[in-house]
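Scroll down for the structure; my scribbles are underneath it.
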Amino acid sequence: MATRKKVAPKPVPCPDCRGCGEVSTTVLVGRKRRAVGKQSGFCLTCLGTGEAPAGGE
């Protein structure tokens with residue numbers, strides 16, 4: 001009889017970046033702090049992997 005391979009469970013996506021690994025923030029300029037656009041950067045919760053942290057936080 002053949003044995004079945006154990007399939008690893010799918011990782012849970014990060015709640016902050018929704019699994020993409022990037023988040024965007026609004027760029028503010030001037031004394032009145034006007035919004036002029038957005039810039040993206042990697043997610044600090046999952047460090048760009050897109051997977052939820054192992055600690056469950």
Side-chain angles (χ1 to χ4, degrees):
M1 252 180 149
T3 59
R4 289 186 177 210
K5 283 187 174 180
K6 290 188 178 182
V7 178
K10 292 181 97 177
V12 179
C14 176
D16 292 339
C17 65
R18 296 182 189 94
C20 69
E22 290 186 357
V23 292
S24 61
T25 58
T26 304
V27 177
L28 303 173
V29 295
R31 196 169 23 165
K32 295 181 181 180
R33 309 302 291 168
R34 282 182 306 164
V36 294
K38 290 190 177 255
Q39 70 180 22
S40 65
F42 72 96
C43 178
L44 295 177
T45 304
C46 65
L47 298 176
T49 61
E51 298 175 5
E57 294 180 11

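We number each residue from 1, following the sequence as shown. Both backbone and side-chain heavy atoms feed into the values below; hydrogens, waters and symmetry mates do not.
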For the atom pair NZ (Lys38) and OG1 (Thr25), what is the distance rounded to the nearest 0.5 Å?
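With rounding to 0.5 Å, NZ (Lys38) is 8.0 Å from OG1 (Thr25).
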
Q: First locate atom CZ of Arg18, then atom SG of Cys46, and finally report the distance between them rounded to the nearest 0.5 Å.
A: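 Going from CZ on Arg18 over to SG on Cys46, the span is 12.5 Å.
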
Item to check | Option from Leu47, Thr45, Thr49 for which side chain to side chain contact (heavy atoms under 4.5 Å, CB included) with Cys14 holds | outcome: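 Testing Cys14 for a side chain to side chain contact (heavy atoms under 4.5 Å, CB included) against Leu47, Thr45, Thr49 leaves exactly one candidate, Thr45.
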
Which pair of heavy atoms, one from Val23 and one from Asp16, lies closest together, and at what distance?
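The answer is CG1-O, 4.2 Å.
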
| query | Do you know which two heavy atoms are closest between Cys17 and Glu22, and how far apart they sit? | reply |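 Reported closest heavy-atom pair: CB-O, 3.6 Å.
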
